[in-house]
Amino acid sequence: MARKHREIGKAGWGYTAVASVVGLIYFFPVLWIILTAFKTRTDALAVPPKLFFTPTFENFTSVFYRASITTGSSQATDMGLYFFNSIFIAFTSVGLALIVGTIAAYAFSRYPLKGNDTYLFIILTTRMMPPIVVIIPIFLMFRLSGLAGSYWGIILLYTAFNIPFSVWLVKSFFDELNPEIEDAARMDGATERRVFFNFCIPQVLAGLSATFVFGLILTWNEFLFALLLTGVETRTVPVAMARTLGGEVGVDYGLLAAIVTLFLIPIFFVTFLLQNQLLRGVTFGTVKK
Amino acid sequence: MSELKVNNLRRTYGKVLALDGMSFDVADGEFFCLLGPSSSGKTTTLRAISGLEELEHGSVHFAGRDVTESAVQGRGISMIFQTFALYPHLSVEANLAHPLRRSGESASDIKKRVGEVAELLRVTHTLKRKPTTLSGGEQQRVAIGRAIVGRPKLLLLDEPLTNLDAKLRDEMRTEFKRLHRELGMTMLYATPDQIEALTMGDRVGVIREGKVVAIGTPRDLYGAPTNTYVAGMIGSPPINFVTATAPSDGEIALPFLDQPVEAPGVSSGQPLVVGLRPHDIALANGEEGGIPAKIHLTEPLGDVTIIDIRTRDTDMKMVLREEVAARFRVGDEIAVKFDPRNLHFFDPSTGARAAHAAT
């Protein structure tokens, strides 16, 4: 019997089927939320759950416009602002942390201090305890300094929380580089500034992308600090989402699912945009040329 | 004038002494090789000359100017690194053009110069590609191109052939010699490989533990090694060493000979280390005075065969032409001879050359 030829390096149908099932199990909760977002209130609560239904955009509309019970006219909600807040706060703080972290990581990697590892360890200690431990002092500090409720307050806090992670991750990317390339650039007449910007940074772009995406996901979903330290004007989506829970008419699952679905889009978009860089970043240093 | 004077360099890393009084001079237009095993200070020396490495002590003079404290940039020195160190994010063309960026030349002049160098090194077809897509040999040639494009007065080469396979290494050796002849620049070449040093160097500096132990032409270093280290380092297969004593003035008793041999300049009772090159041992075809020996290993190299022989209790290596060696098997008894004038004598305590039979 002749063996069937299969393209080398490509899995057969068996493996693909197993992978698909595993993938579906992982993706199912997300899929269910997305489906719920398109259901009417009755369909969303139906028992047994409905897999097939007539989709509606009602929930998405009510994310941004709420029909007033008394007047019957629709009224804009603040959700648009909260989405802007989430995007603005997350991107700014992760971006700032990446800039500070990259410069610090380069210094740690190329100009080690005496006791370099101790400093790196100290930087990491801020991430070693659960955030709840420090929430009261931070809350008091923010109240006293007037940072509470302001954009800069929450941005600074998130930046501070993202820096240790950025320093560690980016340092590992710098450590992987061949230092002779930088020496070659110096001998070719490049100044230290040019060595950093024109030779080191381009080589770690993949790593920077990976660091950015990881930081973004963490910050994007942060709830505790956002709940306590943002005000009416600076509230982020996770906090706003929580506020839709409860109330006199019970949980509006359709509305909640619609917010979550919209909330997923920016992060999906960034991740897909940086996908290739991200894969290279995550596998950086594990595969030698 | 691009004469390089390296004087008494000293550098430590923690407790490790990397350079310990490294001194040598390189003449204008010379091809000078630094030969030494790994971590003997070759790379540190080159980096110190280029200015990449700070020194605790010592000075570097180049083209009549003290450059010890000068910045890396603008010394008029360029370097080829062991890892080639091409800029992975730039095309070959941009790699080659980079050293010219600050020269103030116009874009068209730079393009022309890059074209010339690419032509010289036969990498014109790769100009638009990224370095990682090139073969090892092509990467090496681009690295050479980048180092010479700015017309440096001194070219430093840090084990540039270590990362290439054997066949390419042979080709590139010829290439370096050709470039040296065509460009006429001073070249300082660091290598752990004696064949590279001997074939390419006008002069070779043998280094050990951060200092130069011998400097000379390849012929001098091979023919009259100044100490046991140099004698052992240069020559392939390596020189045979035996310990011996002088029974009387001008004579030496070798452990595998009944009769002492002539050794002018040797005084009675002096203990010596005697060196005898494998190439200086010959077959004694039934002649008188042949030393009986037994073959216990053969290593055919194609054109010649290295034969390990044992004569009395002394193991030695000798080299025979392949067609001669083919007549023998392991275990065969043969007779060998050597000319006592080819013996090298060294002091056993210092390793320094004691006397030479031929002088």
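Here is how names work: the chains are called A, B, and so on, in the same order as the sequence lines, proteins then strands, and each is numbered from 1.
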- Message: If we ignore hydrogens and angles and just use 3.5 Å, is the side chain of Arg146(B) paired with the main-chain N or O of Ala85(B) as donor and acceptor?
- Response: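 Yes; at least one donor-acceptor contact below 3.5 Å.
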
- Checking heavy atoms, do the side chain of Asp183(A), its backbone, both or neither come under 4.5 Å from chain B?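 Contact with chain B is through both the backbone and side chain of Asp183(A).
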
- Toward chain A, the part of Ser78(B) with a non-hydrogen atom under 4.5 Å: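 Just its backbone gets close to chain A.
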
- Which atoms of Leu86(B) come close to chain A, meaning under 4.5 Å heavy atom to heavy atom: side chain ones, backbone ones, both, or neither?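 Contact with chain A: backbone only.
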
- Message: Assess whether a salt bridge exists between Lys111(B) and Glu93(B), defined as any Lys/Arg side-chain N lying under 4.0 Å from an Asp/Glu carboxylate O.
- Response: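 Yes, charged N to carboxylate O under 4.0 Å.
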
- For the candidates Gln82(B), Met79(B), His89(B), Arg101(B), which exhibits the highest count of non-hydrogen atom pairs separated by less than 4.5 Å from chain A?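 Highest number of heavy-atom pairs under 4.5 Å: His89(B).
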
- Message: Classify the ring geometry of Phe31(B) against Tyr189(B): parallel below 30°, tilted from 30° to 60°, perpendicular beyond 60°.
- Response: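 Tilted: the ring planes of Phe31(B) and Tyr189(B) meet at 30° to 60°.
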
- Message: Tell me which one of Asp25(B), Val67(B), Asp66(B) satisfies side chain to side chain contact (heavy atoms under 4.5 Å, CB included) with His61(B).
- Response: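 Per the side chain to side chain contact (heavy atoms under 4.5 Å, CB included) rule, the option paired with His61(B) is Asp66(B), out of Asp25(B), Val67(B), Asp66(B).
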
